> 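Have a look at this one.
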Protein chains: 2
Amino acid sequence: MTRDANRSATRATAPTFSPLYRQIKDFLIGSLERGEWGPGDAIPSEGELAQRFNVSQGTVRKAIDEMAAENLLVRRQGKGTFVSTHSDPRSFYRFLRLLPDDGVAVPSASDPFYCENVSATPEVAAALGLQPGDPVIHVKRLLRFAGETVVFDQIYLAADLFSGLTLEALRGGERSLYSLFESDFGVRMINAEERLRAIAADPESADLLGVAVGDPLLLVERTAYTYGNKPVEWRRGLYCTRNHYYRNDLG
Amino acid sequence: MTRDANRSATRATAPTFSPLYRQIKDFLIGSLERGEWGPGDAIPSEGELAQRFNVSQGTVRKAIDEMAAENLLVRRQGKGTFVSTHSDPRSFYRFLRLLPDDGVAVPSASDPFYCENVSATPEVAAALGLQPGDPVIHVKRLLRFAGETVVFDQIYLAADLFSGLTLEALRGGERSLYSLFESDFGVRMINAEERLRAIAADPESADLLGVAVGDPLLLVERTAYTYGNKPVEWRRGLYCTRNHYYRNDLG
DNA sequence: AAGTGGTCTAGACCACCGT
DNA sequence: CGGTGGTCTAGACCACTTG
């Protein structure tokens with residue numbers, strides 16, 4: 001992280017222009033990837049980082065500002081800057097967009113009932129960047145809102161990252177799935193992309209969700225990424241939208 | 001915008017703490033609301049604003065930074081800072097999340113076929129903050145992707161803001177709907193919230209979209225807001241997701 | 001009181017855009 | 001070239017949290 005690294009780069013090849021705050025941000029992201037600070041930990045103060053990098057505090061601030069905007073860090077005035085965690089209730093509803101038609105959000109209950117090692121189908125392999133046949137973990141679960149079964153999720157995880165995952169661990173407690181991944185496997189989901197479609201209920205889903213075969217269901221396919229935009233989870237969720245809706249804000 | 005407005009506010013009532021950059025931001029937003037700068041116009045330079053408000057350039061920068069992050073302004077290095085506009089292709093796909101299963105985004109064609117003044121139903125009135133029976137404009141249109149009819153939209157607009165809207169104007173040209181609202185009626189959509197559900201196709205929609213009655217369709221209800229979070233449009237869209245999907249990024 | 005993030009300043013220089 | 005936004009500095013003071 002030497003100063004003036006750009007200006008001295010008068011090579012013939014195209015130089016890699018990158019402002020100081022960007023280099024600091026990249027360094028901090030690298031530290032997160034390497035797990036040097038765990039979720040919920042405080043990172044060094046702005047002043048200390050400024051000294052360590054020999055830059056002004058404002059430059060460190062700009063790097064942290066961007067990371068806070070990307071939900072990688074959380075600032076807390078008077079206390080410090082902390083690594084984001086899925087245990088934080090504030091970041092809980094970021095990955096669950098389902099709300100009841102009337103009234104406010106109610107805590108949902110997760111009921112996993114299947115967890116096996118299987119071979120990746122071509123579809124799953126493509127989503128996770130694996131080869132068909134590679135080992136993956138297949139989880140099935142239901143989500144209930146106020147007693148009503150609303151979601152049937154089928155979740156596929158790269159087996160190398162989550163080896164040892166069992167149904168018992170999943171049934172654990174009140175923690176969210178991503179919270180468990182984070183604490184038990186050191187895999188932090190920082191990003192996800194969902195693709196939504198309306199489809200007709202198949203017999204298995206209809207049975208689990210208490211609807212008739214052929215009834216319309218909201219299909220939500222999600223690819224979730226960890227640091228470096230590496231896909232580590234793919235899931236196929238069927239949402240019963242009789243009394244709930246999927247909310248999306250177009251900023 | 002006097003300096004130290006906070007510190008001198010030693011009243012008994014709870015003072016309204018607000019940093020300088022926020023006051024400047026509020027002023028700029030007010031100017032946008034009052035239409036002092038139209039979509040696509042350049043706002044005064046950072047230096048000029050700093051002089052005008054008797055603050056440093058960095059303070060103005062922070063105000064503009066936030067507004068750029070909220071898509072209200074667009075910065076262009078070397079040129080200036082400009083009021084966002086829906087004519088800008090970059091902000092086009094912010095309000096249309098539908099993509100074809102295979103291949104890249106294709107320009108969509110809008111085909112409006114109905115535009116009448118009607119009385120607001122209770123549902124529409126509630127969404128637009130009106131009284132049931134108040135006048136609204138009801139528009140129906142189809143959206144085609146590469147020749148395939150994919151969306152059936154029913155759009156409701158507060159009549160006072162869009163009086164004079166005709167089918168002919170809607171059929172106008174290649175401009176997006178929000179681009180037309182912006183240039184012809186001075187109403188800029190800055191924000192929207194969508195609620196998604198899966199439902200069974202009714203006869204009218206099935207006919208328009210070329211599917212069977214009862215087939216699953218994606219229902220997308222949108223409330224769009226202009227400055228001051230004032231709702232000005234409510235729409236009910238039915239999306240045929242046979243060959244397309246609704247994409248959502250969970251940041 | 002000490003330490004943290006939050007705001008603000010005044011000035012410097014760089015990168016980009018137009019003429 | 002002049003004007004614009006983009007980066008960076010060094011230092012000041014404020015607001016919040018904790019001991």
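Each chain gets a letter, A, B and so on, in the order its sequence line appears, and its residues count up from 1. Computed from a predicted model, the values in this text were never measured in an experiment.
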> How far apart are the closest heavy atoms of A/Leu170 and A/Leu180, and which atoms are they?
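Smallest heavy-atom distance, with atoms named: CA-CD1, 4.4 Å.
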> What is the distance, to the nearest angstrom, from the CD atom on A/Glu48 to the P atom on C/dT4?
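Distance, rounded to whole Å: 8 Å.
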> Please confirm whether the ring centroid of A/Phe95 lies under 6.0 Å from the ring centroid of A/His86.
yes
> Would you indicate, yes or no, if D/dT4 has its OP1 or OP2 atom less than 4.0 angstrom from a side-chain nitrogen or oxygen of B/Ser45?
yes
> Could you check whether any side-chain heavy atom of A/Leu49 comes within less than 4.5 Å of a side-chain heavy atom of A/Ile64, counting everything from C-beta outward?
yes
> Do any of residues 76-86 of chain A sit with a heavy atom less than 4.0 Å from DNA chain D, and if so which?
A/Gln77, A/Gly78, A/Lys79
> Write down the distance between CD (A/Gln57) and P (C/dC8), rounded to a whole number of angstrom.
15 Å
> In whole angstrom, what separates A/Arg75's CZ from C/dG3's C1'?
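Distance, rounded to whole Å: 15 Å.
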> Nearest whole Å is fine: how far is C/dC8 C1' from B/Arg22 CZ?
16 Å
> List in numerical order all residues of residues 58-69 of chain B for which some heavy atom is under 4.0 Å away from an atom belonging to DNA chain D.
B/Arg61
> Are side-chain heavy atoms of B/Glu46 and B/Glu48 found at a separation under 4.5 Å?
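Result no, sub-4.5 Å side-chain heavy-atom pair not found.
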> Considering residues at least two apart in sequence or located in another chain, which fulfil the side-chain contact (heavy atoms from CB on, under 4.5 Å) criterion with B/Phe82?
B/Ala42, B/Arg76, B/Lys79
> Let me know the distance between CD1 of A/Ile24 and P of D/dT7, rounded to the nearest Å.
13 Å
> Centroid separation under 6.0 Å, is that true for the rings of B/Tyr239 and B/His244?
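No: the rings miss the under 6.0 Å criterion.
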